[in-house]
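Reviewing the structure listed below.
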Amino acid sequence: MNKLMDKVLCADCRSIQPYDIYTEQLPRYWNGHEYTFNKRIAICKNCGHRVTVPGLDDLNETEFEIKCRATNDYIQIEEIQDILAKYDIEKRPLSKVLGLGEHTIENYLKGQLPSKRYSNMLKRILASSAYLMQYYETNKGKLNKLASEKIRKKLEYYNTINSHNSTIESVALYVLNSKYEITNMSLQKLLYYIEAFVEVLLNVQIYNSRCEAWMYGPVYPDIYEKYKSFGNSQIVVDMVDLSESIPTEVRKVIDFVLRQFAIYNGVTLKDFSHSELPWINAHTGYGEKEHCTEAITHESIAYYFMEMHRKYNLSTDEGVRAYIASLGVV
C-alpha cells in the first residue's frame, strides 16, 4: 500500500483529494471455483465517492491470485522466480531441463497457471536440488554446452552444501533446516552450544570435530569453509530428512538449544562466547583482533557447562535464561 499515491483526482470534487481504503466482499471465480474476495476500494475523504487509484486494481488482482494459489497449494509466481535465482538459470534453459515447451516457464511467470502436476514438480525443484539433478541428467542434451556446464556446476555446489557425511554436518544441516535465519557466524556458535548441551543433558560427546578460538568466537573450521560462500548472508540449503542421521533424544536437545539461542544474531552469540571460559582460556595470549586457531577442547566445554548446569539448571527455559542474563550481554 505504501507504493500507492497519497492523493488522487476525485471526479466529483474536481480536485486532488486524499482517500481512505475500504474492502468490499465480491464473489470471484478462479480455475473453475468460486471464492469470496475482499476487494480494496478507494473512497474520497472529502465527498465519500469512489475514486480511481493507479495501481490499486493491479494490487487487488495480485492478492487474489496469491490467495487462490495458496488455498489450492499451487506454486506462486514469486517461487518460480526463486527457482531461477537459486539455480542461476534462465527461463528457457529451465524449461528445457524440465522437458517442457521452450516458453513454458516464461508463460508461468506471466501468470499462466501450471497444471497441478507441474506445480508440484516446480515446488519439489525449489526445495531439492537433488530432484532437479534427475531432470538434468535426463534432459541435459537439450541444452547448449554453456548452459549445461553452468547448471552442472550449480548442482554440484548444492550437492556439496547439502552433504552430511559426518555427525557435525548432519547437525549443521538440521540447524539450517530450522525456522531460524542462520548465518555462518551464528551457525558456528549454535554448533558450539549444541555440543555443550548434549554433553550436559545426555552425557554424550556429539561430534569429534574440534572448534577453535577464533577472533569472533568458537568456530568449527570444516563447517565454516563449507558455507563461507554465503558470507554474512543467511545460509539457504535444501530441506533434508535427517531423522536417521540424528537420534531422537539428540534432536530434542538441539531443538531446545535453538529455542534458547537461535533467537539471537551471530554477533550477540559471539559476545556470549567471549564471556565464557572455554573460549577465554583457549584465546589467552592472543590480541583481540589477532587470528587464533587454538582448539577449544571438549573437556573444557564439558567442565564449564556442567558447572553452569549445577548453578542454573540448564535443562529448563528459566535456567538458560538466567545463565544468559549472567553473561551481561543482553
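Just so you know, residue 1 is the first one in the sequence shown, and it goes up from there.
- Partners of Y286 under the ring pair (Phe, Tyr, Trp, His ring centres under 6.0 Å) rule, at least two apart in sequence or in another chain, are H283.
- Tested against E61, the residues K39, R28, K67 include a single salt bridge (Lys or Arg N to Asp or Glu O under 4.0 Å) partner, R28.
- For H291, the side chain to side chain contact (heavy atoms under 4.5 Å, CB included) partners two or more places apart in sequence, or in a different chain, are W214, T293.
- Contact annotation: the side chain of N265 never approaches that of S186 to less than 4.5 Å [non-hydrogen atoms, C-beta and beyond].
- Judged as a side chain to side chain contact (heavy atoms under 4.5 Å, CB included), and not counting sequence neighbours, the contacts of L202 are V198, V204, E249, V250, V253.
- Pairs engaging residues 70-91 under the ring pair (Phe, Tyr, Trp, His ring centres under 6.0 Å) rule: W30-Y74, Y87-Y158 [sequence neighbours left out].
- For E24 and R40, the salt-bridge test fails: no basic side-chain N is under 4.0 Å from an acidic carboxylate O.
- Pairs engaging residues 163-192 under the ring pair (Phe, Tyr, Trp, His ring centres under 6.0 Å) rule: Y192-F305 [sequence neighbours left out].
- The side chain to side chain contact (heavy atoms under 4.5 Å, CB included) check on Q81 picks up I77, E78, L109, with sequence neighbours excluded.
- Checked for salt-bridge contact, E106 and K110 meet the test: a charged N lies under 4.0 Å from a carboxylate O.
- Put simply, the side chain of Q134 does not reach to within 4.5 Å of the side chain of L132, judged on heavy atoms.
- By the 4.0 Å N-to-carboxylate-O rule, E79 lies too far from K86 to be salt-bridged with it.
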List, one per line, each side-chain donor-acceptor pair under 3.5 Å for residues 118-127, sequence neighbours excluded.
residue : atom : partner : partner atom : Å
S119    : OG   : I75     : N            : 2.8
N120    : ND2  : K116    : O            : 3.3

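- For the pair C10/Y19, no side-chain contact is recorded, criterion being any heavy-atom separation below 4.5 Å from C-beta on.
- Residues S275 and I280 come closest through the heavy atom pair C-CD1, 3.8 Å.
- Evaluation of the salt bridge (charged side-chain N to carboxylate O under 4.0 Å, His left out) test over residues 167-196, restricted to residues two or more places apart or in two chains, returns E169-K226, E195-R210.
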Please determine whether salt bridge (charged side-chain N to carboxylate O under 4.0 Å, His left out) holds for the pair R152 and E156, giving the CA-CA distance in whole Å, both sets of side-chain angles, and the decisive distance to 0.1 Å.
CA-CA 6 Å; R152 181 188 66 79; E156 287 179 352; 2.4 Å; yes
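- Residue pairs satisfying the salt bridge (charged side-chain N to carboxylate O under 4.0 Å, His left out) criterion with at least one member in residues 284-297, sequence neighbours excluded, are absent.
- Counting only heavy atoms from C-beta outward, the side chains of I301 and E199 never approach each other to under 4.5 Å.
- Contacts of F256 classified as ring pair (Phe, Tyr, Trp, His ring centres under 6.0 Å), with partners at least two apart in sequence or in another chain: none.
- Residues passing the side-chain hydrogen bond (donor to acceptor under 3.5 Å, both in side chains) test with N72, sequence neighbours excluded: Y35.
- The aromatic rings of F197 and Y193 stand perpendicular to each other, their planes meeting at an angle above 60°, with 30° marking the opposite boundary.
- Within the structure, the salt bridge (charged side-chain N to carboxylate O under 4.0 Å, His left out) test picks out the following pairs touching residues 305-315 (sequence neighbours left out): E307-R310.
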